[in-house]
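Sequence lines set the chain letters: A, B, ... in the order given, protein chains first and strands last, and positions in each chain run from 1.
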Amino acid sequence: MKKSVFFAAMTAAGFAAGAAAAGTLDDVKARGTLNCGVTTGLVGFAAPDANGEWQGFDVAVCRAVAAAVLSDPTAVEFVPTTGKTRFTALASGEIDMLARNTTWTFTRDVDLKFEFTGINYYDGQGFMIPKALGVSSAKELDGATVCIQTGTTTELNLADFFRKNNMDYDPVPIETNAEAQQQYLAGACDVYTTDRSGLAATRASFETPSDHAILPETISKEPLGPLVRHGDNEWGDVVRWTLNALVAAEELGITSANIEELAKGTNRPEVNRMLGTEGTLGEMLGLDADWAKRAIMAGGNYGEIFAKNIGESTPIGLDRGLNAQWTDGGLLYAPPFR
Amino acid sequence: MAMLTEPPAESFRLSMLINDTRYRSYTFQFIALMLLIVFMAYLGMNLVRNLAEQGQDISFRFLGEPAGYDINQTLIHYTNQSTHMRASIVGVLNTLLVAVLGCITATVLGVVAGVLRLSPNWLVRKLMAGYVEAFRNVPVLIWILIIFSIMTAAMPSPRAFRGAGSEASMLFDAVAFTNRGVYLPRPIWEAGSLVVGLTFVASVIGALAYRRYATKLLYDTGRLLPMGWPSLLILVVPTVAIFFILGRPIGLEYPELGGFNFNGGIQIRGSLIALWLALAVYTGAFIAENVRAGIQAVSGGQTEAAASLGLRPRRIMSLIVLPQALRIVIPPVISQYLNLTKNSSLAIAVGYMDVTGTLGGITLNQTGRAIETVLMLMLFYLIISLAISAVMNIYNNAMKLEER
């Protein structure tokens, strides 16, 4: 008797585990918080500030999604993940979405069964080196000792780059950005390589950033973006269009300052559709009409988020470059809201 | 009349499985076994079903694909175009390298410290007690990180060796201690080096034969020949003589500063040194305690008896106490060897590319095949541990007291 109850319970648990894979949107609504995977700490992209509040460019995406779905940009449970743990955390359902400067690649999309919901930063891999070494090009790095974050695409790009240029190097695999920084500063490696944005962020936290140069070569394409599990298209759509809303808002001139006014209704149909005064876009997503308005109000439009976290006025000082709107010669191009 | 008959053979009834003490334990063991099998089967099925739901499967095909990443310490030929399988083997060899080095060093350290902990000299005794307590009571990961940070922070980087009035200089112009590791001269084998090598092997055999003869002579006649310096002489003199007669066929390639790093010579990486030393001193502390326990388990009467026969303390230790103590020490030392080997999986903390770093780290990440790689890792550590136990058990059986 007892035994059969035990089996029934186990079977039920098995089905429950299976069912959890579908309907992330409903799960998030029921739970009341969004579990968002971020880095363990990369200033400007995702790092806790002095008050323990997570801040940064990737964090802003999580907050926008939480605002759109739960009407509360603070209803986010941030789960720090390393390069090694991030995919397991997402695949197992520990997190609902991953916003951790993750490169969109074929195998991750197709073989690992994830769905990239867009690109929030166009990046490329670069090298940082102390100016004292007098190196001005990555082609002069033959024989160098290179610190590298293990478990990232940069590891493979590095191998390809040195093979292509017939050069030798000595890789020093490192688990986190913080350790890499320590090793690099102690001179245990000559060069540190990762995404250029990451290099800029790391350099910004040095005592004397001006002693270190980022070499001009970009050796890879690193389109970074948020991702969700494959197969849950409703949830994928929510994350994708929240990101698109942030990008489109900048293009359409919707900012956190003027959004209240614009949300009362304008004579521009696309703005109206996005902000929910016209049409039923929110309903189609399974959300209410104000979803995009809340997402933009959480941290501003894409341009505002960029400027606040990693832009030229911040210590990280990245220029927009490829990440400018397509109208300004960049690659940001949100599909139309209609 | 009153004939004793055997009690009628009781026919087996089902209720006896519970009520009869002869069968009850079997019943419960059987039920427990069944539950365990069902539970394991449930976990396995759960895994397969959940993987199927995510559209994934279990496949080891990735092992045949090119790895695409580089490994900094390879004992066999490896390039980034080699397969994941080969990368795993490189990792396995690196694990075995640090495990073997660590076990040897830990044993030496442990035996010395264990013996000295019982020294009549107060200072030596307390020093060794300090060593044991300090190293045994701090987690090994912390020791690995401490030694590694000391190496990276305190040693000069190769840049410091540059120029005439450089801050750092090489020891005897041959050995460079840098924060990337230690660079040693590499021997170059030229024609004739084989003869030198063979001479050396012959002298080793000769030295062993001499010791054997001396022991036999001692047992037969009681005459004690000196052991130390004659064996050393037999070992060194012929080899050195042949070396010079043949015109120094073995040269040395010295490490030289070129470009970013030292080139040439042999590099012992900082990560290997940190891991090796940390594992050795940590495990050595445990082995020291095992050795001390073994020595103290040998009855004091043995020492006194040996002393009354006129043996000096060192001989008492090496001839009477240690041979008996080692028998007691071997079994716990086996488990210390196993611990050391398994602890070597902490290598990733200092970027040493052991099997956990290659197969369980980069390969896992780049292919996303977590279950497959972790299964392979478990299998590897299981095989290694069982192999160490098997070998050590054979040794133990050879050493143990033969009871007549």
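Within the 4.5 Å cutoff, no side-chain heavy atoms of A:P173 are placed close to those of B:I71. Counting only heavy atoms from C-beta outward, the side chains of B:R180 and A:D190 approach each other to under 4.5 Å.
Taken to the nearest 0.5 Å, the CD atom of A:E155 stands 11.0 Å off from the CG atom of B:N80. Interatomic distance, B:F148 CZ to A:Q183 CD, rounded to the nearest 0.5 Å: 4.0 Å.
Of the two parts of B:T178, neither the backbone nor the side chain holds a non-hydrogen atom closer than 4.5 Å to a non-hydrogen atom of chain A. With a threshold of 4.5 angstrom between heavy atoms, A:N157 does not approach chain B through any atom at all. Using a 4.5 Å cut-off between heavy atoms, B:Q81 contacts chain A through its side chain alone, with no backbone atom that close. Only the backbone of A:E140 comes within contact range of chain B, judged by heavy atoms closer than 4.5 Å. Interface remark: A:R163 contributes side-chain atoms only to the contact with chain B (heavy atom separation under 4.5 Å). Of the two parts of A:V191, neither the backbone nor the side chain holds a non-hydrogen atom closer than 4.5 Å to a non-hydrogen atom of chain B. Only the side chain of A:Y169 comes within less than 4.5 Å of a heavy atom in chain B; its backbone stays farther off.
Shown here for A:A159 and B:G68, the closest heavy-atom pair between the two residues is CB-O, 3.2 Å. Closest approach of B:T152 and A:A188 over heavy atoms only: CG2-CB, 3.7 Å. When all heavy atoms of B:N179 and A:A186 are compared, the pair lying nearest together is ND2-O, 3.0 Å.
No more than 12 heavy atoms of other residues, nucleotides or ligands sit less than 6.0 Å from atom CZ of B:R61. Other residues, nucleotides and ligands contribute only 12 or fewer heavy atoms inside 6.0 Å of the CH2 atom of B:W276. Residue-environment remark: CZ (B:F60) exceeds the threshold of 12 foreign heavy atoms within 6.0 Å. Under a cut-off of 6.0 angstrom, the local environment of CE in B:M378 is sparse, with at most 12 non-hydrogen atoms contributed by other residues, nucleotides or ligands.
Interface summary for chain B: among A:D160, A:L133, A:T85, A:L185, the most heavy-atom pairs under 4.5 angstrom belong to A:L133. Of the residues considered (A:G231, A:A132, A:G143), A:G143 shows the highest number of contacts with chain B, using heavy-atom pairs under 4.5 Å. Among A:I174, A:I148, A:T145, the residue making the largest number of heavy-atom pairs under 4.5 Å with chain B is A:T145. Chain B forms the most heavy-atom pairs under 4.5 Å with one residue out of A:T88, A:L158, A:T107, A:L141, and that residue is A:L141. Of all the listed residues (B:N72, B:L364, B:T79), the one sharing the greatest number of non-hydrogen pairs under 4.5 Å with chain A is B:N72.
Within residues 344-354 of chain B, the residues that have a heavy atom under 4.5 Å from a heavy atom of chain A are B:I348, B:A349, B:G351, B:M353, listed by number. Applying a 4.5 Å heavy-atom cutoff, none of the residues of residues 210-222 of chain A approach chain B.
Using a 4.0 Å cut-off between charged side-chain N and carboxylate O, A:D170 and B:R269 make a salt bridge.
Proximity of a side-chain donor or acceptor of B:D70 to a complementary backbone N or O of A:P171 within less than 3.5 Å is not detected.
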